[in-house]
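To start, the structure under review is shown below, and the notes come after it.
Atoms considered below: every heavy atom in the structure, side chains included; atoms not considered: hydrogens, waters and symmetry mates. Just follow the structure's listing: the first ligand is 1, and inside any ligand the first atom is 1. In this chain, residues are counted from 1 in sequence order.
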Amino acid sequence: MRHDLFSTRDVGSGGSLLLPHLSRLSLPEKTVQIWVLDDTCIEPACSALANTLSLDERQRARAYRQERHRNRFIARRSILRWLIGGYLSCKPESLRFSVTQFGRPVLQAPGAERLAFSVSHTDGMALLAFAWDCRVGVDVERRSDGLDIAGIGRGIFSAFEEETLDAARPDSAESLLSIWTRKEALLKALGTGLSGEPNAYTTEDDSLLGEGYWCASHNGTAISGWTCLDLVLGPQVRGALAVSLEDARVTLQLCPVSNWVNTWRDGSAALTRS
Ligand SMILES: CC(C)(COP(=O)(O)OP(=O)(O)OC[C@H]1O[C@@H](n2cnc3c(N)ncnc32)[C@H](O)[C@@H]1OP(=O)(O)O)[C@@H](O)C(=O)NCCC(=O)NCCS
């Protein structure tokens, strides 16, 4: 794909820009908004928003060897900026991020600490999750068969999770995907990622709340007051959300550009599923 990587473009609301208007973005309390970006977002986001990236983000973009990965990063990060700009009522290009020792991006702005966000991407899809006054983690993975399950989970899965996987053999790909996305969502919400002691945490189906819900514990102690959900995002793609809010409302906002046009130009609410 050709695009003018970092030229200045008009990122106002008119003309050909196919993005939700900043002033229309709102995030209700006790709600997690998850934006689902597919690859149709990449070109328009790169064209319209690459100039909102900071110098270090541009350097990071340039470090990607493959154009496909570079463009995905630019789109993901610039749309992240756009949405945060809307939620915090500030210019996307004015946002500054620092990075924790574990790699988690953190917003540097007065009042910005109220806004929790999490990013995940896999081949062809990215998720951006936002909520106020909580910890939030999201993960998405594309299914790939023939993985060395024992190798992948070593040091990451708890004994209970390994038993769950063993019980699912030989068709354990779905189970692996589920455990993996749940664990990454939880550890991203906690901010450590896979550093620390991932196998001290256990994720499992929530038998009380039923299908689609899961719960977590740390060394046998339940982590309570959280909402933990599986996200079914396509036949080969699974995701998970963990948020430190009880009974959170969760919305999925789809972001193919054509939907943005339909959705935002006629002033109706964004496409919302479940
Ligand atoms: C966080 C982690 C689980 C992400 O796994 P992944 O499947 O490779 O990648 P995903 O697409 O799901 O997530 C990537 C996003 O997670 C976020 N992220 C990275 N580290 C994070 C952390 N510790 N906590 C929360 N979020 C984190 C970033 O926003 C990143 O998005 P970006 O690439 O657009 O900046 C993994 O990178 C990890 O364990 N990191 C910790 C290891 C560490 O300590 N690294 C130090 C680096 S300075």
May I have the list of side-chain donor-acceptor pairs in residues 189-203 shorter than 3.5 Å, sequence neighbours left out?
from : atom 1 : to   : atom 2 : distance (Å)
T202 : OG1    : S158 : OG     : 2.7
T203 : OG1    : E161 : OE2    : 2.9

Atom pairs and distances, donor-acceptor, side-chain atoms in residues 229-241, under 3.5 Å, two or more places apart:
from : atom 1 : to   : atom 2 : distance (Å)
D230 : OD1    : R182 : NE     : 2.9
D230 : OD2    : R182 : NH2    : 2.8
R238 : NE     : E174 : OE2    : 2.6
R238 : NH1    : G234 : O      : 3.0
R238 : NH2    : E174 : OE2    : 3.0

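Residues Q33 and T251 bring no donor and acceptor atom of their side chains to less than 3.5 Å of each other.
The shortest side-chain heavy-atom distance between R76 and H121 falls under the 4.5 Å cut-off.
Heavy atoms from other residues, nucleotides or ligands lying under 6.0 Å from CD of E211 number 12 at most.
Contact residues for ligand 1 (protein heavy atom closer than 4.0 angstrom to any ligand atom): R60, R76, R77, Q101, F102, G103, R104, P105, V119, S120, H121, D139, E141, E184, K188, G191, T192, G193, L194, S195.
Contacts classified as ring-ring contact (aromatic ring centres under 6.0 Å, His included) and involving residues 47-76 (residues at least two apart or in different chains) are given here: Y64-F73.
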